[in-house]
Amino acid sequence: MTTALHKAPARPLLTLATRTHTLAHTHTQTPAHATSQRACAIDSEHANTTATALGIQQLAGAFQPAFGRLHVLQDLVIPMYEGSAVPTARFDAVLVCEAGVYLFEVKGWRNAVVYRKTSARTLPRWFLRQHDHTLAREVKDPAWQCGRKTTHLRSLLPTDLRVQYFVLLPCEGVELEGVMPSAVITPQDLPYIARVARNNGRTDQGYPLLDDAAIDRTLQLLADLQGDLTVDDHMRNSRDRGGKGESGERGARVEVRPAARPPVHPGLLKLQ
């Protein structure tokens, strides 16, 4: 696919020595297909897996028209910093394109109203009320969860690589009530997000556009970070800390940490 980015880039592309790598769960230029309606039970692993698959299709459909090259990685697991409540972190979907790296926390909430209660003295509390219920239930703050992981991942990647996160609610019937963080989005927001990502990539001098070699290098960096870690490792870490999931609260745990590895290159992507 040839896009305006290739025809007349607003500034030079970031060029690296050639290095290629193929990741498992990588979707390159995958057409978006209509997905059958599936029940997304709240917060279950099955619901989130189903929602992630749906979200990846939506991401591909929204971002393909804007970018000539696109990779969507599912279930990226990375080691967290020493002393973290859970020693690993999981990103449901990671999109790599010319504009950088976009991380998505995907929630399988469906047919529900999502809202927050805020206070100047406490952290925001998130609630979910299904359309056929009158009572709401409190849920973990997904923006805080993803933001915390993203901050750590940024520290492990080159400083001139754009890394941004969103919370994607891909299932039908989700309504956002009141003031929500701009990072919380629904499928209707994705085309706009893709256009903003494209425009930022062309105009933001702090984050150069990535050429093919730079995208390959970025994929390799992410693969090196994950190493041999699996989703099962992360799920075990989350359970072993007392069954409190990925909220980051304190709790007893048996850590399953990866073998020590050299730190990822912390400087610029441009190696020349």
Side-chain angles (χ1 to χ4, degrees), residues 1-32 52 55-78 90-104 149-150 152-166 168 190-191 193-227 229 261-272:
M1 177 187 298
T2 301
T3 71
L5 293 178
H6 293 87
K7 293 177 182 177
R11 52 194 169 81
L13 293 174
L14 185 62
T15 303
L16 307 178
T18 301
R19 185 175 182 181
T20 60
H21 182 80
T22 301
L23 286 176
H25 306 301
T26 298
H27 302 259
T28 306
Q29 296 293 72
T30 303
T52 298
I56 285 175
Q57 292 182 358
Q58 295 168 350
L59 289 170
F63 277 76
Q64 279 175 356
F67 295 99
R69 184 175 173 190
L70 181 72
H71 294 263
V72 182
L73 318 178
Q74 183 173 350
D75 291 330
L76 175 69
V77 179
I78 65 169
R90 173 185 178 183
F91 294 96
D92 298 318
V94 179
L95 189 149
V96 182
C97 61
E98 291 113 316
V101 176
Y102 294 83
L103 310 166
F104 294 87
K149 296 181 289 188
T150 300
H152 177 60
L153 181 58
R154 279 198 190 106
S155 72
L156 302 175
L157 293 174
T159 56
D160 59 343
L161 177 64
R162 178 186 295 277
V163 180
Q164 190 169 356
Y165 77 91
F166 294 94
L168 176 61
L190 286 175
I193 297 297
R195 291 194 300 270
V196 170
R198 178 195 61 198
N199 293 336
N200 286 344
R202 297 176 65 182
T203 60
D204 192 336
Q205 297 296 322
Y207 297 100
L209 286 173
L210 307 182
D211 65 2
D212 284 343
I215 291 175
D216 289 336
R217 174 61 174 156
T218 299
L219 292 170
Q220 181 65 61
L221 289 173
L222 294 174
D224 290 345
L225 267 178
Q226 176 154 352
L229 289 172
R261 58 171 63 91
V264 174
H265 188 282
L268 301 179
L269 259 179
K270 189 170 184 179
L271 304 180
Q272 299 165 329

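None of the values given here were measured: they were computed from a predicted structure.
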Side-chain heavy atoms of Leu153 within contact of Leu225, under 4.5 Å
yes
Compare all side-chain heavy atoms of Val101 with those of Leu95 and state whether any distance is below 4.5 angstrom.
no
Between CD1 of Ile56 and CD of Gln74, what distance do you get to the nearest 0.5 Å?
4.0 Å
Is any side-chain heavy atom of Val96 less than 4.5 Å from a side-chain heavy atom of Leu70?
no
Indicate the atoms forming the closest heavy-atom contact of Thr203 with Asn199, along with that distance.
OG1-O, 2.8 Å
To the nearest 0.5 Å, tell me how far Leu219 CG sits from Leu73 CG.
6.0 Å
Ignoring hydrogens, what is the shortest heavy-atom contact between Glu98 and Ile215? Give both atom names and the distance.
N-CD1, 4.0 Å
For Arg154, give me all partners under salt bridge (charged side-chain N to carboxylate O under 4.0 Å, His left out), at least two apart in sequence or on another chain.
none
Atom of Ala194, atom of Ala62 and distance for their closest heavy-atom approach:
CB-O, 3.5 Å
Once rounded to the nearest 0.5 Å, what's the spacing between atom CZ of Arg217 and atom CG of Asp211?
13.5 Å
Can you tell me how far CG of Leu222 sits from CG of Leu156, rounded to the nearest 0.5 angstrom?
10.0 Å
Using a 4.5 Å cut-off on heavy atoms from C-beta on, say whether the side chain of Ile78 contacts that of Leu229.
no
Begin from the C-alpha positions of Asn200 and Arg162 and carry the test side chain to side chain contact (heavy atoms under 4.5 Å, CB included) through to its verdict.
CA-CA 10 Å; Asn200 286 344; Arg162 178 186 295 277; 3.6 Å; yes
Distance col, row Leu210:CG vs Arg69:CZ, nearest 0.5 angstrom, shows 10.0 Å
Checking side chain to side chain contact (heavy atoms under 4.5 Å, CB included) between Leu221 and each of Leu161, Leu157, Asp216, which is the one that passes?
Leu157
Quick one: list whatever passes ring pair (Phe, Tyr, Trp, His ring centres under 6.0 Å) with Phe166, sequence neighbours left out.
Phe104
Indicate yes or no: at least one non-hydrogen side-chain atom of Phe63 is less than 4.5 angstrom from one of Ile193.
yes
Does a side-chain heavy-atom distance below 4.5 Å link Arg90 with Asp92?
yes
Testing the basics here: between Ala93 and Leu59, what is the closest heavy-atom pair and its distance to 0.1 Å?
CB-CD1, 4.2 Å
Stacked cation flag Lys149 on Phe91, 6.0 angstrom / 45 deg:
yes
